[in-house]
Participant: 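Please find one structure pasted underneath; my questions will follow.
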Amino acid sequence: MKLTTNSRYFLTISYLLILICKVLAALQYLYSVPNHFPVLFVFPFPLILVSFDFILLFIFFKLWDFTNKFKLFDLLTFLLLFLFGLFLLYDFPIFQYFRGFTNLGLARFLVYDSNEIASYYAFALNPFLIGKIFSYLFLIFIALLFVIKKKTYIIKPFSCRVISILLAVNAVFCLVTVFLPFEATVGLGKSPVFEYFSTRILKNYYLPIDIEPEKAEYPGIADEKDSFPKVDFNFGATKGKNVILIVLESTAFERTPLGEDKESKFLFLKDLSTKSISFVSHRTVFPATTRSILSLFCSNYVGTDYESITKSDESFDCESVFDVFRKNGYATSFFSPVLLDFDNFGNNKIIRKIDYVFEPSEIIRNGTFKRQFGTATAVEEEIVQKDFFNHIQGFKSGDKPFFALYFPYWTHAPYEVPFEDTSKLGSLERYYKSQEYINAKMEEFLNRLDEENVMENSIVIVTSDHGEAFGRKVGNFIHPNYLWDENLHIPFLIYAKGITDAVPQTVTNPTTVLDVAPTIAALAGIEPGSSWIGENMFDGITKPVFIYTRAMNLHSGILDGNQKFFFNHITGKNYCFDLKKDPLENNNLADTLDENRLENLIKFINYKNFELNGIVRSGR
């Protein structure tokens with residue numbers, strides 16, 4: 001496989017740079033997440049991590065040799081190498097920091113601004129990243145010397161024979177990584193370029209939502225369908241009360257005392273559960289904020305495309321829970337300590353129609369906050385709570401009830417707290433630190449509601465937007481990448497002073513975020529919205545619910561009672577679990593499904609992808 005001397009030299013340097021970056025990323029992964037496939041980071045496995053990249057490099061420089069016939073210069077090659085190295089320095093720390101979650105394509109998907117990316121980059125500074133920076137500067141310096149003096153220093157180019165051997169070996173490695181399960185490679189075998197293509201450019205191939213697929217009837221997941229009892233409750237006792245809905249950020253049920261996590265700092269949830277109705281099988285339909293919250297607001301799906309509907313359509317609207325409560329005489333409000341600029345969320349009509357919205361843009365501009373650490377897009381919870389109590393002063397007389405949503409932020413990645421530097425802690429330790437901060441603020445908030453007699457005439461509901469993962473399933477970190485229960489399963493508590501504390505209950509009936517609005521309406525004695533598809537949680541009614549994620553993986557599936565089925569659009573792998581018998585999802589039952597049922601399940605899910613996006617596009 002012949003290449004010119006110049007191309008062989010630049011290929012050698014590029015290959016070494018990629019190899020160093022990926023090996024250091026892999027070692028950092030192993031360092032931060034012990035006991036996860038350490039054999040993957042022992043020779044020759046690091047070479048497998050860059051096998052796909054080497055083949056791309058060879059193709060690139062083969063084409064480069066051809067174009068050099070047209071007098072293109074080595075200086076241009078050097079500039080490309082320089083920019084390519086900068087891309088690696090940008091990409092791999094972020095890639096590592098989120099444990100394979102964020103890359104070029106996903107950064108665009110999540111609309112991170114440059115300041116936030118820079119803060120994550122700085123946060124990732126450590127010996128591994130410094131090693132990458134040093135390697136980059138060293139190799140770029142050598143390449144520059146070659147361009148200027150036309151001589152190779154320290155590193156000699158691979159010979160044509162070595163390149164031929166590497167090409168053959170890496171072709172074999174590519175086949176290995178293609179046929180190995182994704183879990184076994186922990187995502188580190190994937191090139192960021194491949195991730196970009198699979199999550200952005202090829203998304204329409206994997207999610208053909210504009211081409212109507214074959215329609216299929218829902219075949220059911222299990223042979224026998226579970227039935228769930230109705231939950232006794234006196235709705236007359238809560239009719240007309242204020243509603244305070246607290247949506248905790250990134251709170252997996254299993255990372256709370258309710259899920260028997262002894263390390264969790266969310267002790268207020270344990271205390272509140274002793275006087276509440278606790279629905280312990282509650283799940284979101286999409287494990288990320290925008291679409292989970294919109295599904296809660298609308299009691300309906302908000303499209304299953306790759307991007308959130310608010311990002312692509314600022315005019316998107318629905319008959320939201322705020323609309324229904326406002327029509328029934330309630331004052332509506334929304335309180336957030338973080339800017340609502342993610343997915344263009346704050347500009348959609350649902351938010352703009354709320355009577356009162358508190359978000360911290362003006363406070364951040366004026367610098368009138370005390371936060372010392374953490375993201376530049378949020379303020380401390382104390383500011384939000386002060387505004388909350390100032391706002392509800394006029395409603396204490398009871399002449400007009402209020403519906404308020406409070407969205408505490410600080411348990412979101414990268415799990416910081418506003419008054420303490422936690423950057424040297426591991427990710428789970430930081431998460432518990434952020435829980436500790438939010439826990440203290442929630443205890444103060446609930447106590448003040450009681451002290452000011454607001455609790456006497458209010459229903460308090462505590463839930464979350466989605467779960468959060470810390471590697472219980474290999475390679476699963478943060479929240480949007482998978483449909484495992486650590487991503488979907490969230491708490492849901494209903495507390496009404498003098499009512500639920502008299503007869504606290506734990507309810508195991510499966511429920512989802514689609515059911516939240518109808519349940520809140522029933523508690524307040526209000527008719528549900530005509531477009532809502534969720535059920536009152538107390539009625540014990542369950543029906544198949546579509547679940548999906550659009551991030552590092554493209555998954556779609558169905559929740560049906562305690563049964564869960566989903567598949568990966570890209571790899572075609574199927575997953576099926578009985579969540580009652582196997583809550584940790586260790587026993588994949590997909591291979592036990594009848595072949596016809598499996599085929600019809602996938603057909604049904606593909607059709608739902610198309611149908612649900614059609615509903616959103618048509619405004620129905």
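This one's a predicted model, so the numbers in the text were calculated from it and none came from an experiment.
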Participant: If you look only at pairs with a residue in residues 531-547, which of them pass as a salt bridge (Lys or Arg N to Asp or Glu O under 4.0 Å), with sequence neighbours excluded?
Facilitator: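 Applying salt bridge (Lys or Arg N to Asp or Glu O under 4.0 Å) to every pair that reaches into residues 531-547, excluding sequence neighbours, yields Glu535-Lys543.
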Participant: Hey, is the main chain of Ala469 close enough, under 3.5 Å, to the side chain of Glu486 for a donor-acceptor pair?
Facilitator: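 It does not hold such a pair.
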Participant: Heavy atoms, side chains only, cut-off 4.5 Å: are Ile246 and Met442 in contact?
Facilitator: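 Yes. Closest side-chain heavy atoms under 4.5 Å.
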Participant: Distance to the ring centre below 6.0 angstrom and angle to the axis at most 45 degrees; does that hold for Arg550 and Tyr306?
Facilitator: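 No.
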Participant: State which residues pass side-chain contact (heavy atoms from CB on, under 4.5 Å) with Glu382; sequence neighbours excluded, sorted by chain then number.
Facilitator: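 Expected list: Glu380, Phe419, Tyr437, Lys441.
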Participant: Please tell me whether Tyr607 and Phe604 form a close aromatic pair, meaning their ring centres lie under 6.0 Å apart.
Facilitator: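 No, they do not, as the ring centres are separated by 6.0 Å or more.
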Participant: What are the two closest non-hydrogen atoms of Trp410 and Val379, and how far apart are they?
Facilitator: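 Between these two residues, the closest heavy atoms are NE1-O, 3.0 Å.
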Participant: Locate the shortest heavy-atom distance separating Thr519 from Asp515; write the atom from each residue and the value.
Facilitator: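 Shortest heavy-atom separation between Thr519 and Asp515 comes out as OG1-O, 2.6 Å.
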Participant: Applying salt bridge (Lys or Arg N to Asp or Glu O under 4.0 Å), can you list everything that pairs with Glu420, at least two apart in sequence or on another chain?
Facilitator: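 If we apply the salt bridge (Lys or Arg N to Asp or Glu O under 4.0 Å) test to Glu420, skipping adjacent residues, the hits are Lys433.
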Participant: How are the rings of His412 and His479 set relative to one another: parallel (under 30°), tilted (30 to 60°) or perpendicular (over 60°)?
Facilitator: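 If you compare the ring of His412 with that of His479, the planes turn out perpendicular.
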Participant: Consider only side-chain N and O atoms of Tyr406 and Glu381, and report whether a donor and an acceptor are under 3.5 Å apart.
Facilitator: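 Glu381 and Tyr406 do have a side-chain donor-acceptor pair below 3.5 Å.
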Participant: Are Tyr575 and Tyr482 close enough that their ring centers fall under 6.0 Å?
Facilitator: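 When the ring centroids of Tyr575 and Tyr482 are compared, they turn out to be at least 6.0 Å apart.
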